[in-house]
Amino acid sequence: MLTKAPKGTADILPEDSYKWQYVENKIRELCTSFGVQEIRTPVFEHTELFSRGVGDTTDVVEKEMYTFNDKGDRSITLRPEGTAGAARSFIENGLFNNPQPTKLFYQISCYRYEKPQAGRMREFHQFGVEYFGSSNAAADAEIIELALMLFEKLGIKGLKLRLNSIGCPDCRKKYNEKLKEYLFDNYEKLCDTCKSRFDRNPMRIIDCKSDICKDIIKDAPRLIDYLCDECSEHFASVKTSLSNVGIKYETDPDIVRGLDYYTRTVFEITADIESANTTICGGGRYDGLVEQLGGPKTPACGFAIGMERLFLALEANEVEIKADLSPDIYIGNIGENNLLTAQKLVYELRQKGISADCDKMSRSVKAQMKFANKLNAKFSVIIGDDEVQKGSAMIKNMALGESAEIELSSDKILEYIKNM
Ligand code: HAM
């Protein structure tokens, strides 16, 4: 137990963490170019934020949350997603008082008690973007542009954008009646979860994963055919804005999304990854959430990309992320008594911005040089009694095998390395 991480979690080891850093840096650069700023919110929130925000008829809230009582007997939940926390913070910190829209991004860990499989974890990571304050279709289009531009910049190809509109509460009311009429005769055949959703939130049944419910629902009416004029026009504008910048999409009336806060636009981006759940990005508009949580009426939209799935897509696209992790210089010592000289030089070189290293394992000089080779150090210097006495040593270019005499000072070593 002690040496096994909990099911559905994974360590990100040094051999991979530099790839995460690379992608995270690309995300930051891209967000800056879109004027989107980072927000950091707590890993846990009051449970009610998610039951009210994400919706208590969703799988996430009904089945998947990590919820516990803290020592003060408050019900706390590890965030299963980032939107509710961002909306809570937007309200609590009065971000609505700033000129709008408020454009935020986050890179977070999330927690859902799901059956682990490729691309489905219990602890996973999301890069998410939330735009608060704009009801304009240009906002919907811009967040989609951002998501797709990230994939493009990372070299992920063959993605599909599927788009739908699930309307506003008015359209939903009309539609729910039609849907319930359709489902009425098959009510007894629905799974227990869907039976309980029949009155509370019948649209959730469209998203049910049970084969029986899927079969019942396949010819059910779809919301896209019940949109009011405003919602229809909004959806048309989103499509026009996307076409305006050459983004291709497919309209898919089956997309309802698994979270309750959505209104109007919903979308998913899927990648062609064998053996993995392929929805790499999901999002949409949620015009009612901020008000529902106690804030002012604030239209909003956003998306989240699953980072683990993004890495699977990078692999499937054979995108190689290379990192130069090798030190500029390794300073070896002959005999423990010369380690202090090496240590001081390494300290000074690091202060000057050079990546340097020296022995910490009391290795022989031969073993130190073998280790320097393994680290792929670009240069090496070996310091023995003679070198300390002379105040100079040989500096070796490890790739070329060439050596030159150099004064034993960090300034001279720095100058030499910089000039090579
Ligand atoms: P979501 O569709 O639940 O939406 O999750 C977004 C993405 O997170 C998914 O497309 C998937 O890539 C990834 N994901 C979800 N669950 C897991 C899991 N168990 N393991 C690995 N990856 C997973 C949301 O979370 C919304 N908050 C998105 C949003 C933001 N909508 C508006 N703003």
Side-chain angles (χ1 to χ4, degrees), residues 6-10 12 23 36 39 41 45 49-50 53-55 58-66 78-90 101-132 134 139-140 142-144 146-147 150-151 156 159-162 164 166 204 207 209 255-271 273 276-290 298-314:
K7 191 171 167 183
T9 67
I12 301 168
V23 173
V36 179
I39 184 164
T41 60
E45 298 272 1
L49 176 70
F50 301 114
V54 173
T58 59
D59 276 355
V60 169
V61 170
E62 278 192 319
K63 302 175 186 166
E64 296 168 0
M65 293 208 303
Y66 280 88
L78 301 185
R79 63 182 166 214
E81 57 102 54
T83 310
R88 195 259 317 131
S89 179
F90 175 81
T102 299
K103 307 206 277 188
L104 305 172
F105 83 92
Y106 48 82
Q107 306 201 56
I108 56 172
S109 58
C110 298
Y111 304 84
R112 295 185 192 177
Y113 193 79
E114 293 199 83
K115 210 166 164 206
Q117 60 187 68
R120 176 166 296 144
M121 311 280 293
R122 289 183 177 169
E123 181 186 66
F124 62 99
H125 298 81
Q126 284 189 343
F127 155 53
V129 166
E130 312 291 355
Y131 278 22
F132 291 99
S134 169
D140 308 50
E142 190 170 292
I143 57 166
I144 294 173
L146 198 163
L150 176 69
F151 295 130
I156 300 174
L159 297 172
K160 250 195 211 137
L161 165 65
R162 293 180 303 129
N164 190 21
I166 55 170
R204 272 282 134 262
D207 207 25
K209 293 177 184 92
I255 296 183
V256 293
R257 306 277 301 129
L259 313 165
D260 274 352
Y261 45 64
Y262 292 110
T263 53
R264 295 192 163 174
T265 318
V266 284
F267 64 92
E268 290 183 351
I269 300 172
T270 48
I273 314 166
N277 194 317
T278 55
T279 305
I280 186 167
C281 171
R285 181 161 278 286
Y286 51 95
D287 290 342
L289 180 65
V290 172
T298 307
C301 59
F303 70 78
I305 290 173
M307 293 294 281
E308 283 76 8
R309 292 187 196 174
L310 183 144
F311 279 102
L312 289 173
L314 283 170

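The figures here come from the full heavy-atom set of this structure, side chains too, leaving out hydrogens, waters and symmetry mates. We count ligands from 1, going down the list as the structure has it; atoms in each ligand are counted the same way. Since the model is a prediction, treat every value here as computed from it, not as a measurement.
Using a distance-only test at 3.5 Å, with no hydrogens or angles considered, no donor-acceptor pair links the side chain of E123 to the main chain of A10. A donor-acceptor distance shorter than 3.5 angstrom exists from the side chain of R79 to the backbone of S109, with no hydrogens or angles considered.
The pair E81-R112 does not count as a salt bridge, with every side-chain nitrogen at least 4.0 angstrom from each carboxylate oxygen. At a threshold of 4.0 Å, the pair D260-R204 counts as salt-bridged, since one of the basic side-chain nitrogens sits closer than that to a carboxylate oxygen. Contact check on D140 versus R264 returns no salt bridge, with no Lys/Arg side-chain nitrogen under 4.0 Å from an Asp/Glu carboxylate oxygen.
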As a test of reading the model: which N/O atoms of the protein lie under 3.5 Å from N/O atoms of ligand 1, and at what distance?
unit_1: ligand 1; atom_1: 2 (O); unit_2: R257; atom_2: NH1; d: 3.0
unit_1: ligand 1; atom_1: 2 (O); unit_2: R257; atom_2: NH2; d: 2.8
unit_1: ligand 1; atom_1: 3 (O); unit_2: R112; atom_2: NH1; d: 3.0
unit_1: ligand 1; atom_1: 3 (O); unit_2: R112; atom_2: NH2; d: 2.9
unit_1: ligand 1; atom_1: 4 (O); unit_2: R257; atom_2: NH2; d: 2.9
unit_1: ligand 1; atom_1: 5 (O); unit_2: Q126; atom_2: NE2; d: 3.3
unit_1: ligand 1; atom_1: 8 (O); unit_2: Q126; atom_2: NE2; d: 3.2
unit_1: ligand 1; atom_1: 10 (O); unit_2: T279; atom_2: O; d: 3.2
unit_1: ligand 1; atom_1: 12 (O); unit_2: T279; atom_2: O; d: 3.0
unit_1: ligand 1; atom_1: 12 (O); unit_2: I280; atom_2: O; d: 3.2
unit_1: ligand 1; atom_1: 12 (O); unit_2: G306; atom_2: N; d: 3.2
unit_1: ligand 1; atom_1: 16 (N); unit_2: R112; atom_2: NH1; d: 3.4
unit_1: ligand 1; atom_1: 19 (N); unit_2: E114; atom_2: OE2; d: 2.6
unit_1: ligand 1; atom_1: 19 (N); unit_2: M121; atom_2: O; d: 2.8
unit_1: ligand 1; atom_1: 20 (N); unit_2: M121; atom_2: N; d: 2.9
unit_1: ligand 1; atom_1: 25 (O); unit_2: R112; atom_2: NH2; d: 3.2
unit_1: ligand 1; atom_1: 25 (O); unit_2: Q126; atom_2: NE2; d: 3.0
unit_1: ligand 1; atom_1: 27 (N); unit_2: E81; atom_2: OE1; d: 2.6
unit_1: ligand 1; atom_1: 27 (N); unit_2: T83; atom_2: OG1; d: 2.8
unit_1: ligand 1; atom_1: 27 (N); unit_2: Y261; atom_2: OH; d: 2.9
unit_1: ligand 1; atom_1: 31 (N); unit_2: Y262; atom_2: OH; d: 2.6
unit_1: ligand 1; atom_1: 33 (N); unit_2: T83; atom_2: OG1; d: 3.2
unit_1: ligand 1; atom_1: 33 (N); unit_2: E130; atom_2: OE1; d: 2.8
unit_1: ligand 1; atom_1: 33 (N); unit_2: E130; atom_2: OE2; d: 3.1
unit_1: ligand 1; atom_1: 33 (N); unit_2: F303; atom_2: N; d: 3.3

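Remark: Y261 engages Y286 in a ring pair (Phe, Tyr, Trp, His ring centres under 6.0 Å) (not counting sequence neighbours).
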